[in-house]
Amino acid sequence: MKEFNTTGICFPDRHYMVDTSDRIQRIIDELIKKNKYFTINRARQYGKTTTISRLRDALRDDYYVAKISFEGLGEAAKSESRFIQMFINEVKRQLSMTAIPKELLAAWSAPFIMPDASVSGESLVQLGERITNLCTQSDREIILFIDEVDGISNNELFLSFLGMLRRKYLSASEGDDSTFKSVVLAGVYDIKNIQVKMRPDKDHQYNSPWNITADFDVDMSFHVGEIETMLKEYREDQGFDFDTAWFAEQIYAYTSGYPFLVSRLCWLLDTKVWIDPDFGSKQAAWSQDGFQRAVKLILKEQNTLFDDLNKKLDSDENLKNLVYRIVVCRENIPFNLNDNLIKFGAMFGWFKDLNGKTVISNRIFETIICDKLLQERTTTRIYKEGVLETFQLKTSTELNMDKIIERFAVHYKSMYADRTSDFLENEARMIFLTFLKPIINGSGNYYMEPEAFDKTRTDIVVDYGGRQYVVEAKIWHGESYEQSGREQLCGYLKRYNLPVGWLISFCFNKNKDTLVGTREIQMDGKIIRETVL
């Protein structure tokens, strides 16, 4: 029986997979058949290697395809002759599994006769001659895939290698040479705009010889309909019923279609959640409660995606400040890839463009980031008060959100009444999350609704015990703006068919006594419980 796979290449006959046939054909038709050289640069675990594998399978009947990897080159990356020999050996090994004539393969790997006995080791120029001979004599066009190029991308030798391929590509375009029909690189970094330190001093080379590459604009994320098709196949194999449409929408809502995160949530439901005594069967696991448990499990995991994010935030204060401005301050920061920090975050899959604004790419990453920022506040008094209040504010299946906000208001007034608006304008929402975090910790999940990204408003959505609780935390900017906040919250409640929502307004007016307090508002059939602090 098939399984969900989150390690290594996915194979359609072994794993539950999203059907990517259309995008594979698009890559072939728009890029490979048109002799394009290009780079598949996407974030880690975004399906690059699986895509290359699927492309090879689709192309092997019409072309000779060599798929090699630069992962773990070690010493070979430091010596031109060793690198060239590694390349020759890897291409030979790959082509030996095709129908290429044996004599052609033997000629490809035959020792090169040195024109000067004093010269040891083959040069890139001579490697270029090998490629010419191979492609000229071959009865089929040859396509080269190189995976995991990041490990060598900051190496001068790698630039020289790309430069050789570029010269051959340009010469072949003019009919003066023969070379690979298409060369496809795969890695996280954009090789076209590579920056390489060339000398011990601060001189850098910014222009990659890979500037011949075509743009790769194929969307590799998984969409709701694609996820549901995969889940329907799983449901049929398992022989029990569950709402595939609901799960597909929820999985996409939390992951924005990030391939690893999609498969990981499904894998957790299929292998981990159901064995918990609270569920006891796979059918019970594929429920709203089971999905929340899978989200909780993935947020607790240590994996390369989350490790990379946390390490980068620890090591780069500028990046940390930027995500703070996005997550906490809710600043409208334009999505501009000419900004190196935004480009870096987008390259690693942490940022995306939402109507021209820079936002965190999915709920999972945003929660990881917010948890990290909150972890630095576990010694604060407001967090400790949340810990002490925990068991009075919830049951095993339900949050008493009215009481949570009431107790938060008490502690907020006692601790922060003398603070200025300059301090609290950006901190107020984070203070509420600091109080809320220990209350839901271990039993529920929370995220901030990206559609509400606004410097003055934040929708905090809490999933707990199969229920959703929506709290809009906003800064008071007058009654008219307060009304727009109510309307936004009401719209959210309608969209998700929720009867009640909570609105917390942080007011910094000097004369705010008449505004402070809690009241219940009926609006379009919904209940809004509004608290002004």
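Throughout, numbering of the chain's residues begins at 1 and tracks the sequence.
A donor-acceptor pair shorter than 3.5 Å cannot be found between the side chains of Asn41 and Thr39. For the residue pair Glu482/Ser505, the side-chain donor-acceptor check at 3.5 Å is satisfied. Side-chain contact check for Asp463 and Gln468: at least one donor-acceptor pair (N or O, by modelled atom type) lies under 3.5 Å.
A salt bridge links Lys282 to Asp270: one of the charged nitrogens lies within less than 4.0 Å of a carboxylate oxygen. Look at Lys494 and Asp524 and you find a salt bridge, because one of the NZ, NE, NH1 or NH2 atoms lies within 4.0 Å of a carboxylate O, short of that distance. The residues Lys34 and Asp29 are annotated as not salt-bridged, no charged nitrogen and carboxylate oxygen being separated by less than 4.0 angstrom. A salt bridge is absent between Glu366 and Arg363; no separation between the charged side-chain nitrogens and carboxylate oxygens falls under 4.0 Å. Looking at Asp219 and Arg23, no side-chain N of the basic residue comes within less than 4.0 Å of a carboxylate O on the acidic one, giving no salt bridge. Between Arg407 and Glu385 no salt bridge is recorded (no basic side-chain N to carboxylate O distance below 4.0 Å). The pair Lys372-Asp314 meets the salt-bridge criterion, since a charged nitrogen lies less than 4.0 angstrom from a carboxylate oxygen. Between Glu376 and Lys320 there is a salt bridge, with a side-chain nitrogen of the basic residue lying less than 4.0 Å from a carboxylate oxygen of the acidic one. Salt-bridge check for Lys357 with Glu331: failed, with every basic side-chain N at 4.0 Å or more from each acidic carboxylate O. The pair Arg486-Glu472 fails the salt-bridge criterion, with no side-chain N (NZ, NE, NH1 or NH2) lying under 4.0 Å from an Asp/Glu carboxylate O.
Looking only at distances, no side-chain donor or acceptor of Asn362 sits under 3.5 Å from a matching main-chain atom of Ala253. With hydrogens and angles ignored, the 3.5 Å screen pairs no side-chain donor or acceptor of Thr50 with any backbone N or O of Gly47. Between the side chain of Thr380 and the main chain of Arg377, a donor-acceptor pair closer than 3.5 Å is present. A donor-acceptor pair is defined here as one N or O able to donate and one able to accept, closer than 3.5 Å; no such pair exists between the side chain of Ser287 and the backbone of Gln283. Of the possible donor and acceptor atoms, none in the side chain of Thr98 sits under 3.5 Å from a partner among the backbone N and O of Gln94. Of the possible donor and acceptor atoms, one in the side chain of Thr367 sits under 3.5 Å from a partner among the backbone N and O of Tyr446. Ser361 places a side-chain N or O within 3.5 Å of a backbone atom of Gly349 that can act as its donor or acceptor partner. Under a 3.5 Å cut-off, the side chain of Ser53 and the backbone N or O of Thr49 do not form any donor-acceptor pair. Between the side chain of Asn5 and the backbone N or O of Ile9, at least one donor-acceptor pair lies under 3.5 Å.
Residue Tyr258 forms a ring-ring contact (aromatic ring centres under 6.0 Å, His included) with just one option from Phe365, Trp350, Phe222, and that option is Phe365. Of the residues Phe279, Phe242, Phe291, the one that meets the ring-ring contact (aromatic ring centres under 6.0 Å, His included) test with Trp286 is Phe242.
Between Tyr254 and Tyr447, the distance from one ring center to the other falls under 6.0 angstrom. Taking the ring centroids of Phe432 and Phe408, they lie under the 6.0 Å cut-off. Phe506 and Tyr412 have their aromatic ring centers within a separation under 6.0 angstrom. For Tyr234 and Phe4, the distance between ring centers is under 6.0 angstrom.
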Quick one, Tyr16 with Leu231, criterion side chain to side chain contact (heavy atoms under 4.5 Å, CB included). Give me CA distance, side-chain angles, the key distance, then yes/no. CA-CA 8 Å; Tyr16 293 110; Leu231 294 180; over 6 Å; no
Would you please test Arg44 and Thr304 for side-chain hydrogen bond (donor to acceptor under 3.5 Å, both in side chains) and show each step? CA-CA 8 Å; Arg44 300 195 192 285; Thr304 54; over 6 Å; no
Applying salt bridge (charged side-chain N to carboxylate O under 4.0 Å, His left out) to Lys48 and Asp147, what does each step give before you reach the verdict? CA-CA 8 Å; Lys48 299 183 294 295; Asp147 200 4; over 6 Å; no
Evaluate salt bridge (charged side-chain N to carboxylate O under 4.0 Å, His left out) for Asp217 paired with Arg26, printing each intermediate quantity in order. CA-CA 11 Å; Asp217 58 0; Arg26 179 187 167 195; 3.1 Å; yes
Stepwise ring-ring contact (aromatic ring centres under 6.0 Å, His included) check, Tyr464 with Tyr469: CA-CA 8 Å; Tyr464 187 95; Tyr469 303 81; 7.1 Å; no
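Relative to the ring axis of Phe11, Arg14 places its NZ or CZ within 45° and under 6.0 Å from the centre. A cation-pi contact, defined as under 6.0 Å to the ring centre and within 45° of the axis, links Lys312 to Phe348.
Counting non-hydrogen atoms of other residues, nucleotides and ligands closer than 6.0 Å to CD of Gln483 gives a total above 12. In this structure, Lys36 places its NZ atom where only 12 or fewer heavy-atom neighbours from other residues, nucleotides or ligands lie under 6.0 Å away. Residue Lys272 qualifies as open at atom NZ: its count of foreign heavy atoms under 6.0 Å is 12 or below. Within a 6.0 Å radius of CD in Gln375, other residues, nucleotides and ligands contribute 12 heavy atoms or fewer. No more than 12 heavy atoms of other residues, nucleotides or ligands lie within 6.0 Å of CD in Glu236, so this atom counts as exposed by the packing criterion. By the neighbour-count criterion of 12 heavy atoms within 6.0 Å, atom CG of Asp22 is sparsely surrounded, having that number or fewer from other residues, nucleotides or ligands.
In terms of heavy-atom proximity, Pro334 sits nearest to Ile342 at O-CD1, 3.4 Å. Listed here is the closest heavy atom pair of Thr358 and Phe335: OG1-CA, 3.2 Å. Of all non-hydrogen atoms in Glu148 and Phe70, the two that sit nearest each other are O-CB, 3.4 Å. In terms of heavy-atom proximity, Leu313 sits nearest to Ile369 at CD1-CG1, 4.3 Å. Of all non-hydrogen atoms in Lys394 and Ile439, the two that sit nearest each other are NZ-O, 2.6 Å. Of all non-hydrogen atoms in Arg264 and Thr6, the two that sit nearest each other are NH1-OG1, 2.8 Å.
Contact annotation: the side chain of Asp62 never approaches that of Arg140 to less than 4.5 Å [non-hydrogen atoms, C-beta and beyond]. Within the 4.5 Å cutoff, the side chain of Ile360 has heavy atoms near those of the Val327 side chain.
Using the six-membered ring where Trp is involved, His411 and Phe435 have ring planes that are tilted, between 30° and 60° apart.
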